[in-house]
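FYI, side chains are in, hydrogens and waters are out, and symmetry mates aren't considered; it's all heavy atoms of this structure. We name chains A, B, ... by the order of the sequence lines, and we start the count at 1 in each one.
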There are 2 protein chains.
Amino acid sequence: MKTVYERADVVPLLAEIFRELGYEGTTLSRITERTGIGKGSLYHFFPGGKEEMAAAVLADVDGWFERAVYEPLRRDDAGAAIDAMWANVIDYFRSGGRICLVGAFALDETRQRFSPVIRDYFVRWIEALRQALVRAGCDEGAARAAAEEAVSGIQGALVLSRALDDKDMFRRTMDRLADRLAAAKLEG
Amino acid sequence: MKTVYERADVVPLLAEIFRELGYEGTTLSRITERTGIGKGSLYHFFPGGKEEMAAAVLADVDGWFERAVYEPLRRDDAGAAIDAMWANVIDYFRSGGRICLVGAFALDETRQRFSPVIRDYFVRWIEALRQALVRAGCDEGAARAAAEEAVSGIQGALVLSRALDDKDMFRRTMDRLADRLAAAKLEG
DNA sequence: GTCTATACAGTGATAGAC
DNA sequence: GTCTATCACTGTATAGAC
């Protein structure tokens, strides 16, 4: 049996591998080992090699958040969009069982390769959330701080729940962060 | 000119390199390149190779936090120890310019190598902070949650301030987390 | 304790058969 | 599009001279 892929099918597989092994830890042979896709095919899809693979994965992740989270935050009913954001975050990160690739890439020298993409992902998240809070009646300064706190808090929960191997800790933290956002809406 | 090292001198140098490059990104040749220490010397100090180097670095980091942060939190005046913790954290992590090696190792497969050390570092931090909060008059449940929130929040700020390349964001977040801890003391 | 030389498996990458 | 073979290079690790 022989499987024929398209580039779009390969990207999510690569995403899981980069998430688990990191940029440096991901090697072509480990990709082949886990997916069955040979070097020939990989270079056919990604002539730029590993760096192009990681860039494609980052673009894919970014696109998902843009559609599922940022755009609703900018356009839909603020309360509903924020509720949806928390549901999406818990689901996407599998209650802390899955890390944020963008956050992970920000920590080591990998950041230098993808610096603009990494920054943009977080800037747009914070800005979209800030806009939703303002629409919900929060004042400008409080909205900015609350948005930053939420996005930062998610990253922290991903690190800590993974270090403690405790998914409950992740869910607890998402609940607390959601409460804080709700409080910011009312107070602002 | 020839420099003669002791093992204890080498560990902090290795720590910076592991922090910048990650476990997989750190190679023996890059260590030599940055420190001038040859492979022969490295294997003399760390016969177990790279894994032993990383373990030594983790033990060193852990020891520093134990002495400078955890022990004061368990024994000294609660308010003073908590104030000292925030000062130490901002200083140690260079306002977000330096990452938490333990947190970084928790994110990818490196975690499997050092899982007990990683978990223990965070468990003891949270527990020591919880004890300080209880001594300050906070009730048990609130103290546990507040301690977890603070430690998690620090990790999040490290990721986000690095992604945004914004040290002010790190300091702002430390201020906010400190305020939240102070509020928890009073409310609890 | 440090250096040089070296072993050999694994790295990203390329070329050509099918 | 996928496979196999192969490239030059770098990875960790070891041994022995000094």
Side-chain angles (χ1 to χ4, degrees), chain A residues 1-60 101 104-105 108-114, chain B residues 1-60 101 104-105 108-114:
Chain A
M1 149 130 192
K2 178 163 130 184
T3 312
V4 177
Y5 289 96
E6 293 183 30
R7 191 184 136 119
D9 303 323
V10 179
V11 173
L13 300 176
L14 292 177
E16 288 314 313
I17 299 173
F18 277 115
R19 253 187 272 267
E20 283 180 45
L21 308 180
Y23 183 80
E24 293 291 344
T26 298
T27 65
L28 298 185
S29 61
R30 281 169 117 168
I31 294 172
T32 300
E33 176 188 305
R34 295 194 181 204
T35 63
I37 305 169
K39 287 199 228 284
S41 305
L42 290 170
Y43 274 92
H44 171 68
F45 292 129
F46 310 95
K50 192 165 90 159
E51 183 152 0
E52 188 177 339
M53 297 179 209
V57 166
L58 283 175
D60 190 56
L101 192 67
F105 278 9
D108 61 28
E109 42 123 36
T110 309
R111 180 179 60 143
Q112 283 158 27
R113 292 177 191 269
F114 307 107
Chain B
M1 150 134 190
K2 178 163 131 184
T3 312
V4 178
Y5 288 98
E6 293 184 30
R7 190 183 136 120
D9 302 323
V10 179
V11 172
L13 301 175
L14 293 176
E16 288 315 311
I17 299 172
F18 277 115
R19 254 187 272 264
E20 283 180 45
L21 308 180
Y23 184 80
E24 294 291 344
T26 297
T27 65
L28 297 187
S29 61
R30 281 168 117 168
I31 294 172
T32 299
E33 176 189 305
R34 295 194 182 205
T35 63
I37 305 170
K39 288 198 225 291
S41 306
L42 290 170
Y43 274 93
H44 171 70
F45 292 130
F46 310 96
K50 192 165 87 158
E51 184 153 359
E52 188 177 339
M53 297 178 209
V57 167
L58 283 175
D60 190 55
L101 192 68
F105 279 8
D108 61 26
E109 42 124 37
T110 310
R111 180 179 59 143
Q112 283 158 27
R113 292 176 190 269
F114 308 108

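Looking at F46(B) and V11(B), their side chains come closer than 4.5 Å, going by heavy atoms from C-beta outward. Side-chain contact check for I31(A) versus M53(A): some heavy-atom pair is nearer than 4.5 Å. Looking at heavy atoms from C-beta onward, F45(A) lies out of side-chain contact with E52(A) at the 4.5 angstrom threshold. Taking the side chain as every heavy atom from C-beta outward, R113(A) and F105(A) never approach each other to under 4.5 Å.
For the atom pair L21(B) CG and T26(B) OG1, the distance stands at 4.5 Å (nearest 0.5 Å). If you take CG on D108(B) and CG on L101(A), they are separated by 11.0 Å, rounding to the nearest 0.5 Å. Here the OG1 atom belonging to T27(B) is positioned 7.0 Å from the NZ atom belonging to K50(B), to the nearest 0.5 angstrom. Within the model, atoms CD1 of I17(B) and CD of E109(A) stand 12.0 Å from one another, a figure rounded to the nearest 0.5 Å.
Going from atom CD1 of I37(B) over to atom P of dG1(C) covers 13 Å, rounded to whole Å. Atoms OH (Y5(A)) and C1' (dT2(D)) sit 12 Å apart, rounded to a whole Å. Taking atom CD of residue E52(B) and atom C1' of nucleotide dA13(D), one finds them 13 Å apart after rounding to whole Å.
Using the six-membered ring where Trp is involved, F114(B) and Y23(B) have ring planes that are perpendicular, over 60° apart on the 30 and 60° scheme.
Pairs passing the side-chain hydrogen bond (donor to acceptor under 3.5 Å, both in side chains) check and including a residue from residues 32-47 of chain A, sequence neighbours excluded, read E20(A)-R34(A).
Residues satisfying the side-chain contact (heavy atoms from CB on, under 4.5 Å) test with A104(A), not counting sequence neighbours, are I99(A), L107(B).
The nearest pair of heavy atoms linking P12(B) to A8(B) is CD-O, 3.2 Å. Between G25(B) and R30(B), the shortest heavy-atom contact is O-NH1, 3.3 Å.
Residues from residues 19-31 of chain B that place a heavy atom under 4.0 Å from any atom of DNA chain D, listed by number: T26(B), T27(B), L28(B), S29(B). The stretch residues 38-47 of chain A touches DNA chain C through K39(A), Y43(A), each having a heavy atom within less than 4.0 Å of the strand. A heavy-atom distance below 4.0 Å to DNA chain D is reached by none of the residues of residues 7-17 of chain A.
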Quick one: which protein N/O atoms are closer than 3.5 Å to N/O atoms of nucleotides 7-9 of chain C? Pair and distance per line, please.
none

